[in-house]
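Notes follow the structure.
Keep in mind that the numbers below use all heavy atoms, side chains included, and drop hydrogens, waters and symmetry copies. Residue numbers run from 1 in the order of the sequence given. None of these values were measured; they are calculated from a predicted model.
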Amino acid sequence: MGSSRKFWLGMVLGAVAGGALSLFDRSTRMSVKEDFRKVSGSVRYIANHPDEFVNDVRETVAKVTTTVEQVTEDVAFIAEKVEEIRDVPPQLTELVHDTKETFMKMGEDGKSNLMQ
């Protein structure tokens, strides 16, 4: 387990060293500074208003849940319609066959009436 620990320590130290080296670039430093200012402002606001943050999270979860339920219902509806459409060709084939038989019977009846 000692080798694994050395690996992770090396990873952390490498990340810190890489981050420190990247800060030699002025634009990177300014960008990191601005990002840190934004994040720290958000964290400060959340720390001062935890109830509001919790309510916002709950509202977001409720909206996502409602959306997922609606999408699930829509997918089920579409799947049902697809199944109905799959059933139409056999029904249509049967209807055409029945219509053909009816016309053939009507034609045969017409021929018998003409012969009389």
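Note on Ile46: it clusters hydrophobically with Val57, by side-chain heavy-atom contacts below 4.5 Å among ILVMFWY residues. Criterion: ILVMFWY side-chain heavy atoms under 4.5 Å apart, direct or through other members. Under it, Val16 and Val32 are not part of a common hydrophobic cluster.
Atoms OG1 and CD, from Thr99 and Glu101 in turn, are 9.5 Å apart once rounded to the nearest 0.5 Å. Between atom CG of residue Asp74 and atom CD of residue Glu69 there is a gap of 12.0 Å, rounded to the nearest 0.5 Å. Leu13 contributes atom CG, which lies 11.0 Å from atom CE of Met11 (distance to the nearest 0.5 angstrom).
Screening residues 34-55 for side-chain hydrogen bond (donor to acceptor under 3.5 Å, both in side chains), with sequence neighbours left out, gives Glu34-Arg37, Tyr45-Glu52.
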Contacts table for residues 21-28: side-chain donor-acceptor under 3.5 angstrom, sequence neighbours left out:
{"from": "Ser22", "atom 1": "OG", "to": "Gly19", "atom 2": "O", "distance (Å)": "2.7"}
{"from": "Asp25", "atom 1": "OD2", "to": "Ser27", "atom 2": "OG", "distance (Å)": "2.8"}
{"from": "Asp25", "atom 1": "OD2", "to": "Thr28", "atom 2": "N", "distance (Å)": "3.3"}
{"from": "Asp25", "atom 1": "OD2", "to": "Thr28", "atom 2": "OG1", "distance (Å)": "2.7"}

